[in-house]
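Okay, so here's the structure we're looking at.
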Amino acid sequence: MDIILIPGLWLDGSSWGEVAPVLQEAGHRTHALTLPGMESRDADRSGITLRDHIDAVVGVIDSLGPGGGGGGIALVGHSGGGAIAYGAADARPDRLARVVYVDCVPHGDGGVINDELPAVGGEVPLPDWSLFDPEDLVDLDGALRAAFRERAIPSPWQVAAGRQRLSDERRLDVPATVIACEFTGAALREWLAGGVPFARELARIRDVEIVDLPTGHWPQFTRPKDLAGAILAAVDRA
């Protein structure tokens, strides 16, 4: 299977460096994306929008041909990358075997990734750790925090704050897996049952599984092998 790995805010394709090899060893082809404007800290991202990131993923899907290399196509989106993955699922619902949401859920039409993050000059630098909830930072020790900050690239403000626009309800037929890290699967099921706005779009998807991987918000750094195993289990079910 072709597995397209979509990073969240502040990260490029190299953030999947300890995950992708495990998927490849299992026989899958991986495409760890560096999205437009995220090529370097010096890249011009002033005009990059959420749609630009979605279109970049759609371009990769289209480049794989009708059969997706013969084994189908799965999208894996971490954090804000989940919104990008869902936008791509809306654009190409008939091409995807599954979408895996890593510590995130899909946003409905009009939703945003996070428009409360502090922006500077049209971009969003990685904030101070004090702005994150304690649950985000579980297992992200001092060394991992330092490495994360060293590699972090400011994200385009129009990606973080841009509104999701959806048009094809066939996206609701694409099976979804949520890998729950900073929040538990039990909590997510309660939110789904209670109609909590955060989970409202996920509740519309017809085939949803929820998998627990207890750690903080960046399991590709804190539990990369376990994250790879959870992704493998999800795409194998596809």
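The distance from the CG atom of D12 to the CE atom of M38 is 7.0 Å, given to the nearest 0.5 Å. Rounded to the nearest 0.5 angstrom, I210 CD1 and T184 OG1 are separated by 9.5 Å. Rounding to the nearest 0.5 angstrom, the gap separating the CG atom in L33 from the CD1 atom in I4 is 6.5 Å. Taking CG of L227 as the start and SG of C181 as the end, the distance is 7.0 Å to the nearest 0.5 Å. Note that the CD1 atom of I205 and the OH atom of Y86 stand 4.5 Å from one another [nearest 0.5 Å]. For the atom pair CG of L172 and CG of D207, the computed distance is 12.0 Å after rounding to the nearest 0.5 Å.
Between the side chains of D44 and S46, at least one donor N or O sits under 3.5 Å from an acceptor N or O. The closest side-chain donor-acceptor pair between D103 and H78, if any, does not fall under 3.5 angstrom. Side chains of T177 and E209: a donor on one and an acceptor on the other come within 3.5 Å. Side chains of Q24 and T30: a donor-acceptor N/O pair is present below 3.5 angstrom, by distance only. There is no side-chain donor-acceptor pair under 3.5 Å between E201 and H107. Between the side chains of R151 and S15, no donor N or O sits under 3.5 Å from an acceptor N or O.
The side chain to side chain contact (heavy atoms under 4.5 Å, CB included) check on D90 picks up L166, S167, D168, R171, with sequence neighbours excluded.
Ring geometry for W191 versus F183: interplanar angle of 30 to 60°, hence tilted. Ring-plane geometry between W218 and W10 is classed as tilted, the angle between the planes lying from 30 to 60 degrees on a 0 to 90 degree scale.
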Margin query: Between R45 and W157, is the side-chain contact (heavy atoms from CB on, under 4.5 Å) condition met? List the steps.
Written below: CA-CA 9 Å; R45 55 193 137 256; W157 166 247; over 6 Å; no
Margin query: Under the criterion side-chain contact (heavy atoms from CB on, under 4.5 Å), I'd like the reasoning laid out for V178 against L202: C-alpha separation, chi angles, the key distance, then a yes or no.
Written below: CA-CA 9 Å; V178 178; L202 182 66; 3.9 Å; yes
Check: How far apart are the C-alpha atoms of V100 and I179, what are their side-chain angles, what is the distance that settles it, and do they pass the side-chain contact (heavy atoms from CB on, under 4.5 Å) test?
Finding: CA-CA 7 Å; V100 180; I179 300 176; 3.7 Å; yes
Note to self: F221 vs W16, test: ring-ring contact (aromatic ring centres under 6.0 Å, His included). Steps then yes/no.
What the structure shows: CA-CA 9 Å; F221 299 147; W16 299 101; 9.1 Å; no
Checklist line | Audit row: L188, V105, side-chain contact (heavy atoms from CB on, under 4.5 Å) steps and yes/no | finding: CA-CA 10 Å; L188 180 54; V105 298; 4.1 Å; yes
Checklist line | Verdict with reasoning, R223 to D139, per salt bridge (Lys or Arg N to Asp or Glu O under 4.0 Å) | finding: CA-CA 9 Å; R223 294 185 64 181; D139 299 329; 5.8 Å; no
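Cluster membership check: V174 shares its hydrophobic cluster with V60, using side-chain heavy-atom separations under 4.5 Å among Ile, Leu, Val, Met, Phe, Trp and Tyr. Cluster annotation: I6 is not connected to V211 through the hydrophobic network of ILVMFWY side chains, with a link wherever side-chain heavy atoms come within less than 4.5 Å. V138 and L144 are not part of a single hydrophobic cluster, where members link through side-chain heavy atoms under 4.5 Å apart. Clustering ILVMFWY residues whenever any of their side-chain heavy atoms sit less than 4.5 angstrom apart, transitively, puts F198 in the very cluster that holds Y101. By the rule that hydrophobic residues join a cluster once side-chain heavy atoms approach within less than 4.5 Å of another member, M1 and V22 end up as members of one cluster.
Between the D133 side chain and the D136 main chain, no donor and acceptor come within less than 3.5 Å of each other. Counting only distance, with no hydrogens or angles, the side chain of R145 and the backbone of L140 share a donor-acceptor pair below 3.5 Å. Between the side chain of E39 and the backbone N or O of G37 there is at least one donor-acceptor pair closer than 3.5 Å.
Two residues are said to be in side-chain contact when any heavy atoms from C-beta on lie closer than 4.5 Å; Q158 and I48 fail this criterion. Contact of the V76 side chain with the I3 side chain is registered, since non-hydrogen atoms from C-beta on lie closer than 4.5 Å. In this structure, the side chains of L35 and I84 come closer than 4.5 Å at one or more pairs of heavy atoms. No side-chain heavy atom of E123 sits less than 4.5 Å from a side-chain heavy atom of S155. Two residues are said to be in side-chain contact when any heavy atoms from C-beta on lie closer than 4.5 Å; R98 and L75 fail this criterion.
Contact record, A119 with V124: CB-CG2, 4.3 Å, taken as the closest heavy-atom pair.
Seen from the ring of W129, R149 counts as a face-on cation partner, given the 6.0 Å and 45° thresholds.
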